[in-house]
There are 2 protein chains.
Amino acid sequence: MDNLNALDIFKALSNETRLNILKWLREPEKNFPAQQAHLPKEVSIEGGVCVGDIQEKVNLSQSTVSHYLSLMQKAGLLEAVRYGQWTYYRRNEVTLAKIAQFINEEI
Amino acid sequence: MDNLNALDIFKALSNETRLNILKWLREPEKNFPAQQAHLPKEVSIEGGVCVGDIQEKVNLSQSTVSHYLSLMQKAGLLEAVRYGQWTYYRRNEVTLAKIAQFINEEI
DNA sequence: TTGACATATCGAATTAAATCGATATAAGAT
DNA sequence: ATCTTATATCGATTTAATTCGATATGTCAA
């Protein structure tokens, strides 16, 4: 996912739960108590939270949450890092900055 | 429409044609040759373009374009000014600035 | 190598968005 | 008053998004 696909990004942002996920991922430690509990101490996935922890918080089915996260990742809003059986998702600040800039300069 | 409804705004932005309309309205004189042709010289609706001129450019049905514009206006992205039988739409820069700021600070 | 857990994908059902043509409303001109 | 032109609204159809439960895949542990 290199170049900005504004349409996919705006579609991904057109949903309350997905907006919340992005917001929560600004402060993962605060919003996801169990954050990175599965990682050994020497490993850290900066800002990343696993699917299960997110699912618990949003209270939608596992498949829906997985779908949301993958869709946000495809749009470039999130990055995914796999560690063992877990997938950690974190914000992609580059895209977020670019889309704000896009609104200011292009739209 | 005072306070920012982010969801409605992102939904309004999730469409290529609507994105184009916003872009074109940055430079109405350039993008809409007949701009404000119906207005007497002493009246000016700064940056405004009437529905018919926009419709001609996007090549969708009159009802679809009218619906688009009204939806963008309800979201706060456009302002509508009626002059006689015409409705002139123009960008609402306040909302546009706010939504970019919202992405940078809230999301 | 079998079992348990985390996540992803599939297929189906429901709900929402896009889009049209037809019609209504509103203003201006005759 | 009537006709025309501009825009808005309505109702219907098609297409896309949401959401689920079931199942597949991948990883680790016993």
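In what follows, every chain begins at residue 1, and chains take the letters A, B, ... in the order their sequences are listed.
- Across the protein-nucleic acid pair, A:Leu7 atom CG and D:dA16 atom P stand 13 Å apart, rounded to whole Å.
- Between the side chain of A:Ser66 and the main chain of A:Gln62, no donor-acceptor pair closer than 3.5 Å is present.
- Atom-to-atom, CG of B:Leu71 to C1' of C:dA18 comes out at 10 Å; the value is rounded to the nearest Å.
- Distances from the side chain of A:Thr87 to the nucleotides C:dT7, C:dC20, D:dT7 place C:dT7 closest.
- In terms of modelled atom types and a separation under 3.5 Å, the side chain of B:Arg26 and the main chain of A:Ile107 share a donor-acceptor contact.
- The nucleotide whose nearest atom lies closest to any side-chain atom of B:Leu60 is, among C:dC20, D:dG21, C:dT7, C:dC20.
- Between the side chain of A:Asp53 and the backbone N or O of A:Val49, no donor-acceptor pair lies under 3.5 Å.
- Distances were taken from every side-chain heavy atom of A:Ser63 (C-beta onward) to each of D:dT7, C:dA22, C:dC10; the shortest belongs to C:dC10.
- Using a 4.0 Å cut-off, no side-chain N or O of B:Thr64 falls inside it from OP1 or OP2 of C:dA18.
- B:Tyr89 places its OH atom 15 Å from the P atom of D:dA6, with the value rounded to the nearest Å.
- Atom C1' of nucleotide D:dT18 and atom CG of A:Leu69 are separated by 15 Å, given to the nearest angstrom.
- Cation-pi geometry between A:Lys57 and A:Phe32 is satisfied (NZ or CZ under 6.0 Å from the ring centre, within 45° of the ring normal).
- Taking atom CH2 of A:Trp86 as the reference point, atom P of D:dT27 lies 12 Å away to the nearest angstrom.
- Close to C:dA26, at under 4.0 Å from its OP1 or OP2, lies no side-chain N or O of B:Arg82.
- Atom CD in B:Gln85 sits about 12 Å away from atom P in D:dA8, given to the nearest Å.
- Here the P atom of nucleotide C:dA18 and the CE atom of B:Met72 are 12 Å apart, to the nearest Å.
- Side-chain N/O atoms of B:Thr64 and B:Ser61 include a donor and acceptor closer than 3.5 Å.
- Rounded to an integer number of Å, the gap from B:His67 NE2 to D:dG11 P is 14 Å.
- Applying the 3.5 Å distance criterion, the base of D:dG21 shares no donor-acceptor pair with the side chain of A:Ser61.
- Counting distance only, with no hydrogens placed and no angle test, the side-chain atoms of B:Gln62 and the base atoms of D:dA8 include a donor-acceptor pair under 3.5 Å.
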